[in-house]
**Student:** 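Sending over a structure as structure tokens; questions will come in a sec.
Every chain is numbered from 1, with letters handed out A, B, ... down the list of sequences.
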Amino acid sequence: MHEKLPLIIRSIAAWAAALLVFFPLGWLVLTAFKTELQAISVPPLLTFPPTLENFSLVQERSDYLLYAKNSLITSLVSTLLGLAIAAPAAYSMAFFKTKRTRDILMWMLSTKMMPAVGALLPVYVLAQSAGMLDSLTALVIVFTLSNLPIMVWMLYSSFKEIPKEILEAAQMDGANVWTEFRNVVLPLSIGGFASTALLCLVMSWNEAFWSLNLTAAKAGTLAALIASYSSPEGLFWAKLSAASLMAIAPIVVFGWFSQKQLVQGLTFGAVK
Amino acid sequence: MKGLFEVESKFPLANEYTNAMSRVLPRVLLAPAVVTLFLWMIVPLVMTIYFSVVSYNLMQPGEHEFIGLENIEYFVTDPDFWPAIVNTLVLLGSVIAITVVLGVGLALLVNEPFPGRGIVRVLLISPFFVMATVNALLWKHMMMNPIYGVLAQVWIFFGQQPVDWLTYHPLLAVIIMVAWQWLPFACLIFITSLQSLDREQMEAARMDGANALQRFSYLVLPHLGRAIAVVIMIEMIFLMSVFAEIFTTTGGGPGNDSTNVAFLIFKQALMNFDVGVASAGALFAVVLANIAAIFLIRMIGKNLD
Amino acid sequence: MKLKISLALALGFAGGLAQAAAELVIATVNNGHMITMQKMTKHFEQANPDIKVKWVTLEEGVLRQRVTTDIATKGGQFDVMTIGMYETPIWGKKGWLKEIATDATYDADDLLPAMRNGLSLDGKLYAAPFYGESSMLMYRKDLADKAGIKVSDTPTWPEIKELASKIHDPKNGVYGICLRGKPGWGDNMAFLTTLVNTFGGQWFDMKWKPQLQTKPWKDAITFYVDLLKNYGPPGSSANSFNEILALYNEGKCGMWIDATIAASFITDPKQSKVADKVAFAQAPTMVTPKGANWLWAWALAIPAGTKNADAAQKFIAWSTSKDYIKLVAKEEGWNAVPTGTRKSTYANADFVKAARFADAEKKAIDTANPNDSTLPKSPYVGVQFAAIPEFQAIGIAVGQQMSAALAGKTSIDAALKASQKAADREMRKAKYYK
């Protein structure tokens with residue numbers, strides 16, 4: 001769209017915007033390598049001798065691997081489970097539209113509208129009576145169901161992007177639903193699937209409210225790791241930065257690798 | 001016109017089968033999602049409704065006597081009630097506006113290739129990876145503190161007095177934090193949506209003499225319509241219950257400047273341990289959210305189809 | 001025959017051990033001393049091979065919510081809970097806690113009386129203090145000397161105001177006095193309650209009616225707002241302990257009145273730029289010394305529904321014993337031991353040498369009495385809080401109003417009026433009076 005604008009200007013603008021957006025996070029990364037004293041210095045330090053003491057402290061103080069493993073399991077399973085349930089639903093709503101489609105979509109959203117803090121007690125009591133307190137199962141269920149409406153919406157939206165002509169062409173050739181899905185819809189909406197999966201993965205990964213309230217010693221996720229670093233009495237800023245870095249590193253790496261998938265697009269030249 | 005696929009129907013009955021299936025299939029596909037959501041919604045909802053009409057305080061074990069509308073009355077007569085609603089709506093509206101406008105802009109910026117595009121995309125998405133509490137602490141300590149924060153240094157650099165964000169503009173501070181965290185979400189959806197933009201159409205329009213603004217208004221924006229609707233709907237749900245940021249930074253204050261409905265519920269649920277009033281508050285939040293949603297649907301509804 | 005018997009005994013012993021293997025889940029707050037306790041756990045496990053300890057560490061607010069939810073719904077998730085002086089009387093009264101068993105080796109009499117009383121009900125100890133604190137004045141001796149002022153050990157608030165005005169020097173980045181302002185019953189209200197106490201006020205009268213519009217409250221809050229507005233740092237209304245600690249360590253605060261544990265941080269050269277320039281005094285007073293300095297302890301308690309009561313008792317006895325303190329001293333140094341709990345700690349010469357603040361801290365703790373902290377008689381226990389379940393919600397509502405008054409967003413009268421209304425609402429709802 002901006003082909004007329006010189007490449008240079010666009011590049012600079014894009015880079016400037018990206019760096020501005022990234023800046024606070026970048027500052028967090030820097031702070032992870034400072035000592036507590038350096039972290040609070042006025043004016044804030046840009047250059048300083050870096051230290052790894054925070055990371056080793058986090059390592060020896062908390063069971064990082066346990067938390068990471070729990071985060072990984074709960075996020076992955078809930079995302080996959082969610083996709084498995086949401087994709088058919090979104091498919092049906094996108095391609096077999098009925099009068100009630102929009103109502104169902106709205107109703108799915110409204111289920112999420114209750115602030116979690118209000119539903120804490122009912123869910124806690126439910127989990128307790130089912131014996132599922134401090135279990136990964138409970139977390140997976142809660143995450144899946146929390147993200148389900150969003151997954152349905154996003155997949156619905158990306159299915160709707162597929163132009164009718166392609167679908168009609170496939171149908172005219174006698175493709176049944178399954179073939180249609182596999183050969184037409186899926187390849188064309190892989191970007192949508194990938195971004196939905198990534199978003200839900202991140203949301204489950206960062207989910208702190210339920211992770212903290214439904215778990216104790218066994219099923220704690222990385223949210224619990226982070227929570228154990230913001231001390232009410234004592235400087236913790238550098239340590240928290242290091243712990244946060246260790247908590248988000250896996251997901252950022254994943255995001256980096258999957259971002260190609262995210263923007264695998266539709267090329268319409270071939271169609272017409 | 002030759003079709004894309006050259007599948008030959010070997011079974012004459014297959015078409016009839018397909019037709020029959022196309023009536024039953026949608027419901028079958030839809031069923032698991034609907035059923036699970038229904039259960040997930042109905043059980044806590046019923047429990048919440050029950051709790052909201054009884055007297056139930058965790059700290060006072062005993063009979064849970066029925067007290068009807070007393071809980072909701074107590075919640076609604078809280079002096080912070082109306083300010084909380086206003087704050088909630090302001091927070092909602094501002095964050096949505098910021099993320100949609102900036103999100104579209106950024107997505108357009110990175111739509112065409114340029115050196116380092118991959119890295120820029122990851123950088124733009126990065127704030128979303130940060131946990132809400134860390135996000136709050138990050139902004140409170142590192143950025144906004146009027147003495148040792150980074151923003152203070154920037155202000156001093158330009159010869160101005162640093163702004164005491166959390167004291168004088170608490171709601172704005174919370175809006176900034178939350179918008180920063182949700183901008184990547186909006187960007188991501190818009191980036192993906194732009195990928196399916198019909199380039200041939202754009203080329204044709206350009207060759208017909210349409211300038212950038214016209215191309216944007218008549219081709220890009222309508223195409224993004226659905227994506228924008230999705231972003232607004234989803235953000236609306238999450239922003240209604242923004243809570244961690246407020247709790248960590250301003251504690252709802254000063255006064256009730258940054259108290260929102262979720263924080264009010266928190267006060268009852270986890271400070272007072274009054275499950276009854278908290279449940280009443282939660283129901284109220286749902287009603288408020290539904291009203292806002294209906295209002296929004298009316299505005300952007302056509303874009304959802 | 002002997003062989004058979006010893007074999008049988010050995011098997012029986014082993015079987016007994018296997019049966020007794022217990023897993024303790026301990027919920028705790030993430031303060032420095034608790035972190036050290038986690039580090040020392042391996043010693044406990046070595047001495048008690050049949051007990052394995054698992055830790056759940058959370059931030060104070062979340063911890064409190066978590067353990068309260070658990071204990072009130074009998075969730076049974078935790079065997080040992082770290083609670084404070086606020087919860088102990090309330091929960092003890094409800095029968096939610098098991099009594100802490102103490103014997104001669106534990107030497108409960110060695111516990112500082114204030115700590116022991118604050119955690120007991122009817123003479124029964126319901127939570128063993130792990131570390132305790134009061135509040136005191138921590139000031140920059142170098143700045144006071146430069147201003148030519150000698151600070152007495154028991155200063156008054158007018159004296160403090162004068163000192164603040166003399167050392168307030170914002171152009172050179174020094175603010176006269178730093179005090180808490182962030183809304184929260186344990187944040188700004190902890191300090192403000194002690195201020196109100198020493199100005200002769202109270203939270204509730206004997207009929208449980210809130211007293212927030214009385215003269216002591218008005219005087220105290222006016223004094224506070226005036227003091228911070230003129231001699232405090234910007235951003236005070238969002239500052240709590242950690243924010244001020246950061247400022248103090250950077251040398252930006254001339255004075256600070258806050259938890260005694262702060263002393264261990266500001267005198268630590270590894271994290272403080274002014275480690276050797278700090279001096280201590282008792283918390284300032286006004287009309288009465290009662291309630292001028294607060295009392296708080298983080299203590300270990302056993303929920304009544306736990307299945308591992310014996311193991312829990314063992315752990316608590318170990319971690320709050322004299323031997324534990326000696327263990328920490330050996331491994332981390334005397335300046336890292338948990339303080340504010342035992343007389344023997346303060347009698348130890350090495351400790352006193354390593355901790356310059358020991359004297360002031362002990363004096364502060366000894367003079368704090370949760371049963372008698374206000375000039376007019378009060379129906380509640382607690383120095384900087386009222387140990388009733390409604391206090392948390394009241395505290396945060398009032399805290400919000402005080403923060404607004406400090407920020408200049410509302411007048412002090414309006415803030416107090418709104419606070420009174422909020423407190424009255426809650427008390428009425430909880431049926432303290434009609």
Side-chain angles (χ1 to χ4, degrees), chain B residues 55-62 67 70-71 73-75 77-80 83 133 137 140-141 144-149 152 161-170 173 244 246-259 263-264 266-277, chain C residues 59 61-62 64-66 68-69 71-74 90-91 94 96 173 175 181-185 187-188 233-240 242-243 246-247 250 252 388-397 399-410 414-415 418 421-422 425-426 429-430:
Chain B
S55 152
Y56 182 5
N57 187 320
L58 272 189
M59 301 302 291
Q60 290 153 13
I67 55 173
E70 246 177 67
N71 283 328
E73 190 196 325
Y74 188 76
F75 188 78
T77 51
D78 191 322
D80 289 343
T133 20
L137 288 171
K140 178 175 186 189
H141 287 277
M144 289 182 173
N145 188 292
I147 299 180
Y148 51 77
Q161 269 289 48
V163 175
D164 190 353
W165 297 92
L166 292 175
T167 307
Y168 296 109
H169 312 282
I246 298 178
F247 176 64
T248 322
T249 54
T250 60
N256 50 30
D257 283 356
S258 58
T259 300
F263 195 79
L264 269 187
F266 157 77
K267 258 206 293 195
Q268 292 304 324
L270 292 172
M271 291 263 104
N272 234 350
F273 294 102
D274 191 330
V275 182
V277 177
Chain C
E59 187 260 331
V62 180
R64 185 166 286 121
Q65 292 154 21
R66 188 82 185 81
T68 309
T69 315
I71 210 176
T73 58
K74 301 196 177 32
I90 303 177
W91 294 5
K94 292 188 190 297
W96 286 355
Y175 302 96
K182 179 178 174 208
W185 70 268
D187 297 289
N188 64 347
S236 282
S237 59
N239 283 348
S240 194
N242 280 327
E243 288 77 11
L247 286 175
E250 272 292 307
K252 301 220 164 290
I388 55 174
E390 296 69 26
F391 187 75
Q392 287 194 90
I394 294 178
I396 196 171
Q400 282 177 282
Q401 291 300 321
M402 297 299 112
S403 180
L406 179 62
K409 300 224 159 151
T410 158
K421 193 159 163 219
R425 257 186 112 227
E426 292 284 345
K429 179 166 205 303

**Student:** Go through C:S240, C:A72, C:A393 and name the one with the most non-hydrogen pairs under 4.5 angstrom from chain B.
**Tutor:**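 If we count pairs closer than 4.5 Å to chain B, C:A393 comes out on top.
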
**Student:** For C:F391, enumerate each residue passing the ring pair (Phe, Tyr, Trp, His ring centres under 6.0 Å) test, keeping only those at least two apart in sequence or located in another chain.
**Tutor:**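 Partners of C:F391 under the ring pair (Phe, Tyr, Trp, His ring centres under 6.0 Å) test: C:W203.
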
**Student:** Quick check on B:Y74 against chain C: is it the side chain, the backbone, both or neither that has a heavy atom closer than 4.5 Å?
**Tutor:**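 Both parts, backbone and side chain.
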
**Student:** Take atom NZ in C:K429; do more than 12 heavy atoms of anything else shown fall under 6.0 Å from it?
**Tutor:**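 Yes - once you tally the heavy atoms of other residues, nucleotides and ligands closer than 6.0 Å, there are more than 12.
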
**Student:** Nearest 0.5 Å, what's the OH-NZ distance between B:Y168 and C:K409?
**Tutor:**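 Reported to 0.5 Å precision, the distance equals 8.0 Å.
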
**Student:** Using the side-chain hydrogen bond (donor to acceptor under 3.5 Å, both in side chains) criterion, which residues pair with B:N71? Sequence neighbours excluded.
**Tutor:**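 B:N71 satisfies side-chain hydrogen bond (donor to acceptor under 3.5 Å, both in side chains) with no residue once adjacent residues are dropped.
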
**Student:** Tell me, for B:S258 versus chain C, whether the close heavy atoms (under 4.5 Å) come from the side chain, the backbone, both or neither.
**Tutor:**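 Answer is neither: B:S258 stays 4.5 Å or more from chain C.
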
**Student:** Only pairs of heavy atoms separated by less than 4.5 Å count here; which of B:T167, B:D274, B:D164, B:T250 has the most with chain C?
**Tutor:**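 Ranked by heavy-atom pairs under 4.5 Å with chain C, first place is B:T167.
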
**Student:** If you measure from CD1 on C:I396 to CZ on B:F247, what distance do you get to the nearest 0.5 Å?
**Tutor:**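 So the CD1 of C:I396 and the CZ of B:F247 are separated by 7.0 Å.
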
**Student:** Find the one option among C:G173, C:P233, C:P234 whose heavy-atom pairs under 4.5 Å with chain B are most numerous.
**Tutor:**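 With the most close heavy-atom pairs to chain B, the winner is C:P234.
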
**Student:** What part of B:I147 gets closer than 4.5 Å to chain C, counting heavy atoms only: side chain, backbone, both or neither?
**Tutor:**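 Side chain only.
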
**Student:** Side chains of B:K267 and C:Q400: does their closest heavy-atom pair fall under 4.5 Å?
**Tutor:**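 Yes, their side chains come closer than 4.5 Å.
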
**Student:** Using heavy-atom distances under 4.5 Å, tell me whether C:L406 contacts chain B through its side chain, its backbone, both, or neither.
**Tutor:**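 It is neither, since no heavy atom gets under 4.5 Å.
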
**Student:** Give a yes or no on whether a salt bridge exists between B:K140 and C:E243, defined as a side-chain N under 4.0 angstrom from a carboxylate O.
**Tutor:**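 Salt bridge between B:K140 and C:E243, a charged N being under 4.0 Å from a carboxylate O: yes.
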
**Student:** Is B:D78 in contact with chain C via its backbone, its side chain, both, or neither, using a 4.5 Å heavy-atom distance?
**Tutor:**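 Contact with chain C: backbone and side chain both.
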
**Student:** For C:R425 and B:T77, what are the C-alpha separation, side-chain angles and deciding distance, and is it a side-chain contact (heavy atoms from CB on, under 4.5 Å)?
**Tutor:** CA-CA 10 Å; C:R425 257 186 112 227; B:T77 51; 2.9 Å; yes

**Student:** Based on non-hydrogen pairs under 4.5 Å, which of B:P79, B:G251, B:G255 is most in contact with chain C?
**Tutor:**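 Of the options given, most contacts go to B:G255.
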
**Student:** For a quick test of reading the model, state the closest non-hydrogen atom pair linking C:A407 to B:P254 and the distance between them.
**Tutor:**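 For C:A407 and B:P254, the tightest heavy-atom pair comes out as CB-CG, 4.1 Å.
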
**Student:** Given a strict heavy-atom distance threshold of 4.5 Å, which part of B:L270 is in contact with chain C: side chain, backbone, both, or neither?
**Tutor:**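 Answer is both: backbone and side chain atoms of B:L270 are under 4.5 Å from chain C.
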
**Student:** Among C:K421, C:E426, C:E390, C:K94, which residue forms the greatest number of heavy-atom pairs with chain B at distances under 4.5 Å?
**Tutor:**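 The answer is C:E426.
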
**Student:** Identify which part of B:T249 has an atom lying under 4.5 Å from any heavy atom of chain C, answering side chain, backbone, both or neither.
**Tutor:**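 The backbone, not the side chain.
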
